There are 2 protein chains.
Amino acid sequence: MEDGTAERIRPRDRILETARDMFHKHGIKGVGVDAITEAAGTNKMTLYRHFESKDDLVIECLRATACSANAMWQKFEAEHPGDKLAQLHAWVRMAADCLMTDGRGCDMANAAIELSETDHPARRVIKELKQAQRDRLVGLCRDAGIGQAELLADTLSLLLEGARVSLQSVGAEGPSAQFVRMAEGLITSFRGASAR
Amino acid sequence: MEDGTAERIRPRDRILETARDMFHKHGIKGVGVDAITEAAGTNKMTLYRHFESKDDLVIECLRATACSANAMWQKFEAEHPGDKLAQLHAWVRMAADCLMTDGRGCDMANAAIELSETDHPARRVIKELKQAQRDRLVGLCRDAGIGQAELLADTLSLLLEGARVSLQSVGAEGPSAQFVRMAEGLITSFRGASAR
DNA sequence: TCTAGAAGTTACAGACCGGTAACACCCTAG
DNA sequence: CTAGGGTGTTACCGGTCTGTAACTTCTAGA
């Protein structure tokens, strides 16, 4: 039987998962394909049989990251079905957890900074995936009954993005330590404004 | 005469200025020392006579960037002597200008993301310079008579940092377009709270 | 058991990287 | 005019990088 749930993971998936982890930790230009394949317990030829190039692998990793993010959104909906405001608070909590446990920032943002070539193929993907996340947060704010939903969503986006990068430059004791207080304060402030 | 204001700029300064520009545009790992020296109209040997290593050059570039930032702070004080609140608004305006005209983000933040090695010599410098900027903004907020000065300063910091990275991932039409509105709204909100 | 395709292995090409050595040059201070 | 320091030039080292070729081994499906 072809057996979809093979006990030993397919090399392609092992490479993808390993590459995601290593790109996240050391950056894209900071890790070579040799290191990835070795860590994945395979070899370079196998990588190039499954991915056209390193850039292609990078793009596939970013798509996988977006997929994980989608799973989180579904978890919010599952844990607080219908309660959009609770989902928004869950988003803040998730973001804070991510800040405290992770250390390195958003893979897409990091990639956008690292791949400075304006015509890099990954840039299209980053832009559309980030746009999708933004739309999702705007929708959540709107459904939570907040008046200026776009403005709140954009403010929260920038705060999180800023906290993730500040974490890497000034460290955990820097401004990013106040993220939850800022975010919650903003939400109550916007809720008050829309209920006036 | 040794003539401090030599009409032809010293090679060291040419290298430093060129490296700053190229690191800013293409990232640190995205440009080699050969490219820098060629663009600076000199050669690799001269670079290594003035800088111990590429890492040393990077650090010197970051210090120069911090120096430019200091000049901006002095400009704020010169244009609005004593009026700390006006200086705070000038800071917002400067940040917005920077967002619209520049495209690439903060050199220190970009470097922190790119140089993921936790023991990289540049990380110390980045942290202390970023910390200094933070202290400066906190002081400005406090002197402007804002109650929760640290919280406002940290929020503004994260907003700007987030706007700069968002600009690179989602583009100019993304959340960063609302930076001024967010920042000004925060300032009035914090002013109202401290004057209650 | 046989076979086809996936995966592993080794070696290599070609380019770029940071950094150094040896030597020729120029320009200015004395 | 001359001596010396800053600069330019060329060549090179050892390493790493992405990507490929040719060949062998393994494994799953019939």
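Just so we're clear, the structure is a prediction, and the values are computed from it rather than from any experiment. Here is how names work: the chains are called A, B, and so on, in the same order as the sequence lines, proteins then strands, and each is numbered from 1.
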Fill in: Presence of B/S53 side-chain N/O under 4.0 Å of C/dG18 phosphate oxygens OP1/OP2
no

Fill in: A/E52 CD to D/dT20 P, straight-line distance once rounded to whole Å
10 Å

Worksheet item: Would you say the side-chain atoms of B/Q87 pair up with the backbone N or O of B/H80, donor to acceptor, closer than 3.5 Å?
Response: yes

Item to complete: Count the heavy atoms of every other residue, nucleotide or ligand shown that sit under 6.0 Å from CD of B/E17, and state whether that count exceeds 12.
Response: no

Worksheet item: Which one, C/dT10, D/dT18, C/dA22, comes nearest to the side chain of A/K54?
Response: D/dT18

Worksheet item: Taking for each residue the nucleotide of DNA chain C bearing the nearest heavy atom, is the 5' side occupied by A/R49 or by A/K44?
Response: A/R49

Item to complete: Check whether more than 12 heavy atoms from other residues, nucleotides or ligands sit under 6.0 Å from atom CD of B/E128, and answer yes or no.
Response: yes

Worksheet item: Should A/I113 and A/V170 be counted in the same cluster of Ile, Leu, Val, Met, Phe, Trp and Tyr side chains packed under 4.5 Å apart?
Response: no

Worksheet item: Atom CG of A/L47 and atom C1' of D/dC17: how far apart are they, to the nearest Å?
Response: 14 Å

Fill in: Rounded distance (Å) that lies between atom C1' of D/dG19 and atom CG of A/L57
14 Å

Worksheet item: If you pin A/I28 and A/M45 to their nearest nucleotides in DNA chain D, which one's is more 5'?
Response: A/I28

Practice prompt. Name the closest nucleotide to the B/Y48 side chain, picking from C/dG19, D/dT7, C/dA21.
Written response: C/dG19

Worksheet entry | Contact under 4.0 Å: A/T46 side-chain N or O vs C/dG8 OP1/OP2 | yes

Worksheet item: Taking atom P of D/dG19 as reference, at what distance in whole Å does atom NE2 of A/H50 sit?
Response: 16 Å

